[in-house]
Amino acid sequence: MNSDEYLASVREQYENFPYPKRPPEDEKRTLFVTTTEHIGNISHYCFGGKRDLRDGARCLVAGGGTGDAALFLSEQLRNTNAEVVYVDLSRASMGIAHERAEVRGLTNITWLQRSLLELPDMDIGTFDYINCCGVLHHLDDPVKGLNALSSVLKEEGAMGIMVYAQYGRTAIYQMQELMRLINTGENNLQQCIDNTHLTIAELPEDNWYRRDEARWKGDLEELGDIEAYDLFLHSQDRAYTVPQVYNWLDECHLNLVSFTGFTGHKLKYIAGTYVRNKKLQSLIDKTPIDQQQSIAELISGNIKTP
Ligand SMILES: C[S@@+](CC[C@H](N)C(=O)[O-])C[C@H]1O[C@@H](n2cnc3c(N)ncnc32)[C@H](O)[C@@H]1O
């Protein structure tokens, strides 16, 4: 798929299925918290506890979808001189995010319906913190995507990036391959989703996805077809192992500060979380830190997102 085809398919998917599903009226009752955007966590992970984003920080949410990260940041930065800039390709997603912000009475977000690949030419200044969650692994060229983000990052700034992890999504990649075969020639998105449900219902008990189903069921039940499309039918989806994350960052001249495990569990990347045997632990301790993280990832086998 070339870049134009990629952009067209992304638009088609996210105009039809803005992600994640978030009814704006829910904002009257609940604030959706994204662990990585807790400003205390950002200060802790990215700035050694020394940076208070409420003091004039500029934050960019790239590929902001229906708004979770932008809204949570914006709420925490309410009544400060800090600002949040939201960028997404999808008009439908931005519409929902904007509506949610209006329900909350948030006024510190700038809304841009653009591709993040255009950031280097957008003349929107530089940022202290950039969130990009669940987006770069869908680009046809994730190096270009990360470089585009990096071009608007302040020298001392930091990013919170979520991309898929490979081993924990093994069952998903088998399902994606299966559904590509079954949906050959089918262009109707809803029909593709219906075919997926039919297929899942027929999977034998020892099928890889069937055995793994419990780990995905919650999101599928909560988010319905939108999640089903994103999980099983995405036209462009790649995942990273620990060494691949390091290589990717190297290519973009960036340093890894920490794996967060996305939901805040950096312990997932520490082998000692799983290993009790002292002899085995001492063998692992002798290896470099990136290798220890790889070992932890392989022992766990179930990490979905770094
Ligand atoms: C899986 S959703 C994630 C949304 C949000 N970041 C979250 O975690 O809830 C991916 C989002 O990235 C957006 N997107 C994909 N490619 C993009 C690009 N090149 N520039 C800007 N947004 C893009 C899509 O429109 C979609 O809203």
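Along the sequence shown, the residues carry numbers beginning at 1. Both counts, for ligands and for their atoms, begin at 1 and track the order of listing.
The shortest N or O to N or O distance between L139 and ligand 1 is not below 3.5 Å. Considering backbone and side-chain N/O of S115, one or more are found under 3.5 Å from N/O of ligand 1. At a 3.5 angstrom cut-off on N or O pairs, C133 counts as close to ligand 1.
In this structure, the ring of Y229 has its center no less than 6.0 angstrom from the ring center of Y19.
In summary, the atoms of ligand 1 found under 4.0 Å from a heavy atom of P20, numbered by their order in the structure, are 9 (O). Less than 4.0 angstrom separates some heavy atom of G134 from each of these atoms of ligand 1: 1 (C), 10 (C). Each of the atoms 15 (C), 16 (N) of ligand 1 lies under 4.0 Å from some heavy atom of V10. Close contacts between ligand 1 and R114 involve ligand atoms 20 (N), 21 (C) [criterion: under 4.0 Å to a heavy atom]. Residue-ligand proximity, S90 to ligand 1, at heavy-atom distances under 4.0 Å covers atoms 25 (O). Applying the 4.0 Å criterion to heavy atoms of G64 picks out, from ligand 1, the atoms 5 (C).
Salt-bridge formation is not detected for the pair R114/D88: no Lys NZ or Arg NE/NH1/NH2 atom is positioned less than 4.0 Å from an Asp or Glu carboxylate oxygen. With respect to the salt-bridge test (charged N to carboxylate O, under 4.0 angstrom), the residues D237 and R169 qualify. No salt bridge links R91 with E15; every basic N to acidic carboxylate O contact stays at or beyond 4.0 Å.
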| task | Apply ring pair (Phe, Tyr, Trp, His ring centres under 6.0 Å) to Y164 and H234, showing your working. | result | CA-CA 13 Å; Y164 294 143; H234 208 292; 8.1 Å; no
| After noting the C-alpha distance and the side-chain angles of D128 and R58, does the key distance pass the salt bridge (charged side-chain N to carboxylate O under 4.0 Å, His left out) rule? | CA-CA 5 Å; D128 299 275; R58 299 196 72 230; over 6 Å; no
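Under the 4.0 angstrom criterion for non-hydrogen atoms, V87 is not in contact with ligand 1. Not close to ligand 1: R11, with no non-hydrogen atom less than 4.0 angstrom away.
When every heavy atom of R22 is checked against every heavy atom of T66, the shortest pair comes out as CG-OG1, 3.7 Å.
The closest side-chain donor-acceptor pair between D230 and Y14 falls under 3.5 angstrom.
Crowding of R78 atom CZ: a count of heavy atoms from other residues, nucleotides or ligands under 6.0 Å exceeding 12.
Residue Y14 touches ligand 1 through its side chain alone, judged by heavy-atom distances below 4.0 Å.
Considering L112, L89, L117 only, the shortest heavy-atom separation from atom 18 (C) of ligand 1 involves L89. If you check each of V135, V61, D88 against atom 25 (O) of ligand 1, the one with the closest non-hydrogen atom is D88.
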